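Following: one structure in structure tokens, then a few remarks.
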Number of protein chains: 2
Amino acid sequence: MHRGKLTVRDLRAGNRARVLRVLYLDGPRSRHELAEVTGLSQGSVSNVTGELIADGVVVEAGHVDSDGGRPRVLLRVNPRHAVVVGVDVGETHVLVEAFDLTLRRLATTKFAMQPDTHSADEVAKRILAGLRRCLTESGAGQGDVLGVGIGLPGLVEHGLVYGQTVGWDGVPLERMLRAGTDIPLHLDNGANTAGQAELWFGAGRGIDDAVITLIGSGVGASVIAESVPYRGTSGGAGEWGHTTVALDGRECRCGAFGCLEAYIGAKGVVDRYRSLGGTVPADQEAALRSLVASDTALARQVLREVARHAGIGIGSLINLFNPERVILGGWAGLLLGSRLLPDIREEAARHALRRPFAQASIMLCELGPESVALGAATLPVAELLAAGGARPVAPIRTAG
Amino acid sequence: MHRGKLTVRDLRAGNRARVLRVLYLDGPRSRHELAEVTGLSQGSVSNVTGELIADGVVVEAGHVDSDGGRPRVLLRVNPRHAVVVGVDVGETHVLVEAFDLTLRRLATTKFAMQPDTHSADEVAKRILAGLRRCLTESGAGQGDVLGVGIGLPGLVEHGLVYGQTVGWDGVPLERMLRAGTDIPLHLDNGANTAGQAELWFGAGRGIDDAVITLIGSGVGASVIAESVPYRGTSGGAGEWGHTTVALDGRECRCGAFGCLEAYIGAKGVVDRYRSLGGTVPADQEAALRSLVASDTALARQVLREVARHAGIGIGSLINLFNPERVILGGWAGLLLGSRLLPDIREEAARHALRRPFAQASIMLCELGPESVALGAATLPVAELLAAGGARPVAPIRTAG
DNA sequence: CGACTTATTATAAGTCTTGAACTATGGTCC
DNA sequence: GGACCATAGTTCAAGACTTATAATAAGTCG
């Protein structure tokens, strides 16, 4: 409603965005098809595609055979028009990856981080080093980079990062990185970037209203409303993990009691299993994997608890957001879901209203943990699409 | 993102909407001020206001004194351009009210309904009768009515009403009413219409991201995201009352166990008090009023439970939606909140994450129960604003 | 009464979409 | 193999709209 005023020039920008979006998301298309799909006249499509080709964003991609008539020329986004970089800042690693414009992976650099070296300075240094290395490896100059998307473990607001679990309380990461590069930066919560990846390339393709959950050691969610991330007043929406599911329940690392995260997050589940006498490897991921593979009475009990609480949480999501699809993501979500999905569905049905539940499908995610970096890389691309292919002028940009 | 294609003509429509919206929501303005506020050039403002005046939507409203220079002519929305009607279909009544375009009340008709006469036929009959009576009383003909908004106890989808609590499962209320009138109809959940009223005229004025709760006998909520109601894939978003707050908790009338509604809805609260030995009047509203006024140990205990659960529920809303404001509404919400608001705030703080909580204010609603009908009447007005003052051509329209 | 100030309207220039006419490029059929 | 047909894509005049600028209207002040 409150989009800026409209000038006749914005029409062109909007139509460029329309056309480019179709080309990006729905593969190669001829001008003719573009006219049908976008509703624009053929003349306008010609003009718009002409500009896009002149700008190098779009290229011709061969003909399609005709049976009587001039053959269609296919157009597609030029993968080499720009490089985008996605960064995944996790609690134990920093992963930097470079992609072409169509998000094919060009280069990867990974740093392991010890929790005690997890200062913002160290992280920033790793990001910049990874960026340099990836650019060298993919043969791109600074000017070729459309932007760098960074998925972080916490909320991002005005370029400041608030990550309770890593002890960041208002870290000016954007400014710190700005000292090392002029490339446009896009900071966002890792749950959101993973959700974005799943939405474009995974289980959320073509869905307009979705909730993508991210269950790892902690628990988050990314809400998509009408194809656009729902952020709330300061970008902090979707903090699903700290929904209370039990009055005076288990203590959560956030300090509260009874948070969902304490019941279905990897740490909570493994701790629970151990506290009941189960033995599993020390490493959290190995522990959860072993638990999910076990068929003892104790394992079954613990997993039943997980399914119940996950069902409650998902039921609430369905009631509150009325999504078309709920996607179970994150490494722990994938592990737990692979065994518990039917149980979780059943529990969710018990706790959601009938109609919204019937309209929502509950599915496993299709991408692995690398979706955080991939999704981060979609951020500059999304901006490019929204701008209709015009490269950003101001180099500063955040998710806030 | 997926708004229809843009033609050069839509510019004018968009600018008409812009101007009209400012005039409606921000009182009388001169053309000069309109140009500043909307960002349009003075010439365009002249054109647009000229059309609006010609259409009768806007009228001049006197001059403002000048100190040297031509005085500004104030423009405002013409209250008598059209009549709008709001209907509140509750579980025990049907309330029909007529308003002028600026939503000043012109006429009111109320029917009491017994639960056993609560068939859709009866309701439709009452609505049509109330409509006729209100129009006569306000001296308006059918053609003068911009539209009728109807707030219902349940979800609305494609003109069909699903209200579990009144036993409506896909009632084609719109079609039934269509047989009795040609006036455009707007059906929506009563929680949404009340929220809309609170947003325009109550505690939500000027807020872009809000959650307005409606606590009566049942419990619902209306979510406003970026000034627009959040609906989800089928208009069923915001079903807050059936969020699970206790595993295997109290049975709810929806059939599930542990729903929030069973803990903070009027019925749940009063039942709980009675089950612990408290005595209150038979009438639900009188009962709750008496309970809130009591200062016995038992009353305090029951109310403390209510505050705890309300805090959990509101904390979850804050975590998930990251709103700027949470508004406690509905007759029971108003009653309970008047005594418990500080306790509820405290409990919500305990269960929400720090940052989102700090950004959200929790307030009582400012409008009474009549907000359902008032909010319903905003629906046709909102459509008029969005259309830039053009009366709808197709007479059929729903919230679905 | 005339200079000055401010609000509103008229006018000219430029951008954009559309729709129709027009060009390009292939297949088909005799 | 050439005339004819079908489909794709381009060009161009017409119309709608906005902005900037100039002109006009309507007051105040000395």
Side-chain angles (χ1 to χ4, degrees), chain A residues 3-20 22-23 28-55 58-76 387-390, chain B residues 3-20 22-23 28-54 58-76 388-390:
Chain A
R3 293 175 273 291
K5 75 171 176 179
L6 295 173
T7 122
V8 68
R9 216 153 195 166
D10 300 325
L11 283 184
R12 173 61 63 98
N15 288 336
R16 275 180 66 137
R18 254 181 120 66
V19 168
L20 187 57
V22 172
L23 282 179
R29 293 279 179 137
S30 71
R31 294 176 174 82
H32 196 83
E33 291 170 313
L34 285 172
E36 283 176 11
V37 173
T38 61
L40 295 172
S41 70
Q42 290 209 358
S44 294
V45 170
S46 258
N47 286 338
V48 168
T49 53
E51 283 184 21
L52 290 172
I53 290 173
D55 288 356
V58 164
V59 291
E60 299 198 342
H63 305 245
V64 70
D65 285 351
S66 88
D67 22 32
R70 177 173 173 175
R72 307 180 167 192
V73 176
L74 292 179
L75 302 176
R76 64 179 166 79
Chain B
R3 296 176 271 293
K5 74 170 175 180
L6 296 172
T7 127
V8 69
R9 216 155 195 162
D10 300 325
L11 283 185
R12 172 63 62 99
N15 288 338
R16 277 181 64 139
R18 256 181 118 66
V19 168
L20 186 58
V22 172
L23 283 177
R29 291 282 177 132
S30 71
R31 294 177 175 79
H32 197 82
E33 292 170 312
L34 285 172
E36 283 176 12
V37 173
T38 60
L40 295 174
S41 70
Q42 293 208 357
S44 294
V45 171
S46 256
N47 285 339
V48 167
T49 53
E51 282 184 23
L52 291 172
I53 291 173
V58 164
V59 291
E60 300 197 342
H63 306 247
V64 71
D65 284 352
S66 91
D67 24 30
R70 177 173 174 174
R72 305 180 168 190
V73 175
L74 292 178
L75 302 177
R76 62 178 167 79

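Because only heavy atoms are used, hydrogens play no part in the values below, and waters and symmetry mates are left out as well, while side chains stay in. Order of the sequence lines sets the chain letters (A, B, ...), proteins ahead of strands, with each chain counted from 1. Bear in mind that the values here come from a model prediction, so they are computed numbers and not experimental data.
Proximity note for A/Arg72 (side chain, C-beta onward) versus D/dT19, C/dG26, D/dA8: the nearest is D/dA8. For A/His32, taking side-chain heavy atoms from C-beta onward, the closest of the listed nucleotides C/dT8, D/dG9, D/dT19 is D/dG9.
Listed for the B/Arg72 side chain is no donor-acceptor partner under 3.5 Å among the backbone atoms of B/Ser30. For B/Arg76 (side chain) and B/Ala61 (main-chain N/O), no donor-acceptor pair under 3.5 Å exists by modelled atom type.
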With sugar-phosphate taken as primed atoms, P, OP1 and OP2 and all else as base, the protein-contact string of nucleotides 10-16 of chain D at under 4.0 Å (heavy atoms; B, S, -) is BB----B
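Contact check for A/Leu75 versus A/Arg29: no side-chain heavy atoms found under the 4.5 Å cut-off. With contacts defined as side-chain heavy-atom distances shorter than 4.5 Å, the pair A/Val64/A/Glu33 does not qualify. With a 4.5 Å cut-off on side-chain heavy atoms, A/Val58 and A/Leu20 count as touching. Side-chain contact between B/Thr38 and B/Asn15 is absent, with no heavy atoms from C-beta onward closer than 4.5 Å.
Per the geometry, CG belonging to A/Asp10 stands 13 Å off C1' belonging to D/dT19, to the nearest Å. If you measure from atom NE2 of B/His63 to atom C1' of D/dA26, you get 10 Å, rounded to the nearest angstrom.
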Write out a two-atom table: protein N or O, nucleotide N or O from nucleotides 28-30 of chain D, distance below 3.5 Å.
{"from": "D/dT28", "atom 1": "O4'", "to": "B/Gly68", "atom 2": "N", "distance (Å)": "3.4"}

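A/Gln42 pairs in a side chain to side chain donor-acceptor pair (under 3.5 Å) with only one of the listed residues (A/Glu36, A/Arg31, A/His32), which is A/His32.
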